[in-house]
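This one's a predicted model, so the numbers in the text were calculated from it and none came from an experiment. Sequence positions, counted from 1, serve as the residue numbers for this chain.
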Amino acid sequence: MDSDKKNISLILGVGVLAWLPTLNFWFFKAYEASWLMSVTPHTFFNLLKGHAFIYFLDLKIFGWNPVGWYATGIILHLIAGSILYFLIKTLTKNYKIAAVSGLIFIANSAYIDVVAWGSFNSYYPLLLSLMLLSLYLFSKFLVNKKLLFYIGFMLFVFLGFLVRETGLVIVPLLTVFDLVSTFIFSSEKKESNRAIKHKLKGLILRQIPIYLLFIVFYFFRNWYGGIAGDDADSLVKWRIRLIEDGLYLQLLWAMILTSGKLLAPQLIPYPILNFIREAFLSILP
């Protein structure tokens with residue numbers, strides 16, 4: 001417990017020092033204001049369709065003061081970093097690995113948009129927190145078999161769907177996580193066919209409610225109309241066109257490439273990347 005307190009304090013301290021300067025920012029291009037005003041009246045479903053719940057709450061709490069809006073992003077980012085620490089500690093049983101992972105995550109410049117854009121991207125650390133909580137509770141359930149853990153993780157999975165539909169990716173991730181935990185990292189190395197079948201049956205029974213929840217959300221989404229404005233994104237339009245034209249291999253390749261667009265700043269800090277870019281630009285047009 002003392003190690004947890006020290007590590008979490010260190011992670012939170014580094015996070016605050018890293019992102020505190022953003023409190024001096026003004027609203028970035030006034031995205032928050034224009035976005036929030038575009039979903040009036042501020043009913044539950046309008047806010048849901050506009051990803052605008054956090055903006056609405058910030059407006060009610062802080063008014064048009066950007067300090068509070070940026071603080072929201074920082075706090076949610078710190079929460080996500082803390083949950084990540086406990087998840088990794090649970091999976092690895094190693095305090096040091098969890099602490100190092102938490103520190104790398106909390107101060108990583110590749111994640112800057114969720115903090116430096118005020119509340120505009122605050123739903124990303126909120127969604128990540130819900131997804132990490134889902135994985136954490138699911139891992140607890142696999143060990144303790146307590147129904148409360150299962151109910152809790154299902155609740156956070158569904159809340160993630162509501163925050164942003166990107167949260168749907170947690171469904172296959174949970175399946176892969178379950179398969180790896182059950183068969184690859186199992187404490188029992190040699191098992192009979194009967195034991196393997198029993199494990200597989202348990203895995204299927206655990207996974208069925210998750211996919212049923214996925215289907216329920218799909219129908220719920222169709223009922224309220226889905227997220228407004230998603231089709232306006234140029235990347236989304238491009239992917240829809242690839243699907244309509246049957247260019248599935250090109251779509252797969254595009255997804256692989258775009259999924260790695262933040263890999264460079266994970267390995268090389270932005271200032272160094274910017275310096276290299278400016279050096280090339282000074283030589284080549």
Side-chain angles (χ1 to χ4, degrees), residues 19 22 25-81 83-84 110-135 154-173 213-240 255 258-259 261-262:
W19 303 114
T22 61
F25 290 5
W26 185 243
F27 285 125
F28 187 75
K29 294 185 179 179
Y31 266 117
E32 295 94 337
S34 58
W35 194 289
L36 184 57
M37 293 303 103
S38 70
V39 295
T40 52
H42 296 144
T43 62
F44 175 83
F45 286 107
N46 281 347
L47 293 173
L48 178 63
K49 290 194 283 187
H51 296 315
F53 279 110
I54 296 180
Y55 315 151
F56 180 72
L57 291 174
D58 278 340
L59 177 63
K60 293 298 181 182
I61 297 172
F62 305 110
W64 292 115
N65 182 356
V67 172
W69 296 57
Y70 281 98
T72 299
I74 295 174
I75 291 170
L76 290 173
H77 183 46
L78 295 176
I79 291 172
I83 298 171
L84 178 69
Y111 208 52
I112 189 172
D113 281 356
V114 304
V115 178
W117 278 44
S119 242
F120 186 63
N121 279 343
S122 289
Y123 48 77
Y124 283 120
L126 175 60
L127 172 60
L128 181 60
S129 296
L130 294 170
M131 294 174 71
L132 292 173
L133 274 172
S134 301
L135 285 168
M154 288 285 284
L155 173 63
F156 288 123
V157 166
F158 190 74
L159 288 176
F161 295 168
L162 294 178
V163 170
R164 188 169 174 85
E165 292 177 7
T166 314
L168 293 170
V169 74
I170 193 64
V171 174
L173 286 177
L213 191 66
F214 183 100
I215 294 171
V216 167
F217 177 76
Y218 176 79
F219 284 105
F220 177 63
R221 180 191 185 280
N222 286 339
W223 176 72
Y224 74 78
I227 302 303
D230 275 0
D231 292 343
D233 185 271
S234 58
L235 187 59
V236 173
K237 288 182 177 179
W238 179 49
R239 289 176 176 172
I240 291 174
M255 291 172 64
T258 53
S259 67
K261 65 184 178 181
L262 291 179

About how many Å separate [atom2] of [Y] and [atom1] of [X], when rounded to the nearest 0.5 Å?
X	Y	atom1	atom2	value
Leu133	Leu84	CG	CG	11.0 Å
Leu76	Asn121	CG	CG	11.5 Å
Leu213	Ile170	CG	CD1	12.0 Å
Thr166	Tyr124	OG1	OH	5.5 Å
Ile79	Leu128	CD1	CG	11.5 Å

Exercise for the section: Give me the ring orientation class for Tyr55 and Trp69: parallel if the planes are under 30° apart, tilted from 30 to 60°, perpendicular past 60°. Expected result: parallel

Exercise for the section: Measure up the Phe161 and Phe158 rings against each other and bin them: parallel (under 30°), tilted (30 to 60°), perpendicular (over 60°). Expected result: perpendicular

Side chains of residues 39-47: which donor-acceptor pairs under 3.5 Å do they make with residues two or more places apart or in other chains?
| residue | atom | partner | partner atom | Å |
| --- | --- | --- | --- | --- |
| Thr40 | OG1 | Met37 | O | 3.2 |
| His42 | NE2 | Leu36 | O | 3.1 |
| Thr43 | OG1 | Asn46 | N | 3.3 |
| Thr43 | OG1 | Asn46 | ND2 | 3.3 |
| Asn46 | ND2 | Pro41 | O | 2.7 |

Fill in the blank from the handout: In short, Ser122 meets Gly73 closest at the heavy-atom pair OG-CA, 3.4 Å

Handout entry: Closest non-hydrogen atom pair between Gly167 and Met131, with its separation
Key = CA-SD, 4.5 Å

Practice task
Show your reasoning for whether side chain to side chain contact (heavy atoms under 4.5 Å, CB included) applies to Tyr224 and Phe220.
Solution key: CA-CA 6 Å; Tyr224 74 78; Phe220 177 63; 3.5 Å; yes

Practice task
Name all residues meeting the side-chain hydrogen bond (donor to acceptor under 3.5 Å, both in side chains) criterion together with Thr72; count only those two or more places apart in sequence or in a different chain, and write none if there are none.
Solution key: Asp58

Problem - With Asn65 via side-chain hydrogen bond (donor to acceptor under 3.5 Å, both in side chains) - residues at least two apart - result: none

I want to check something: taking the side chain as every heavy atom from C-beta on, are [X] and [Y] in contact at a cut-off of under 4.5 Å?
X	Y	answer
Leu168	Phe217	yes
Val115	Tyr70	no
Leu126	Arg164	no

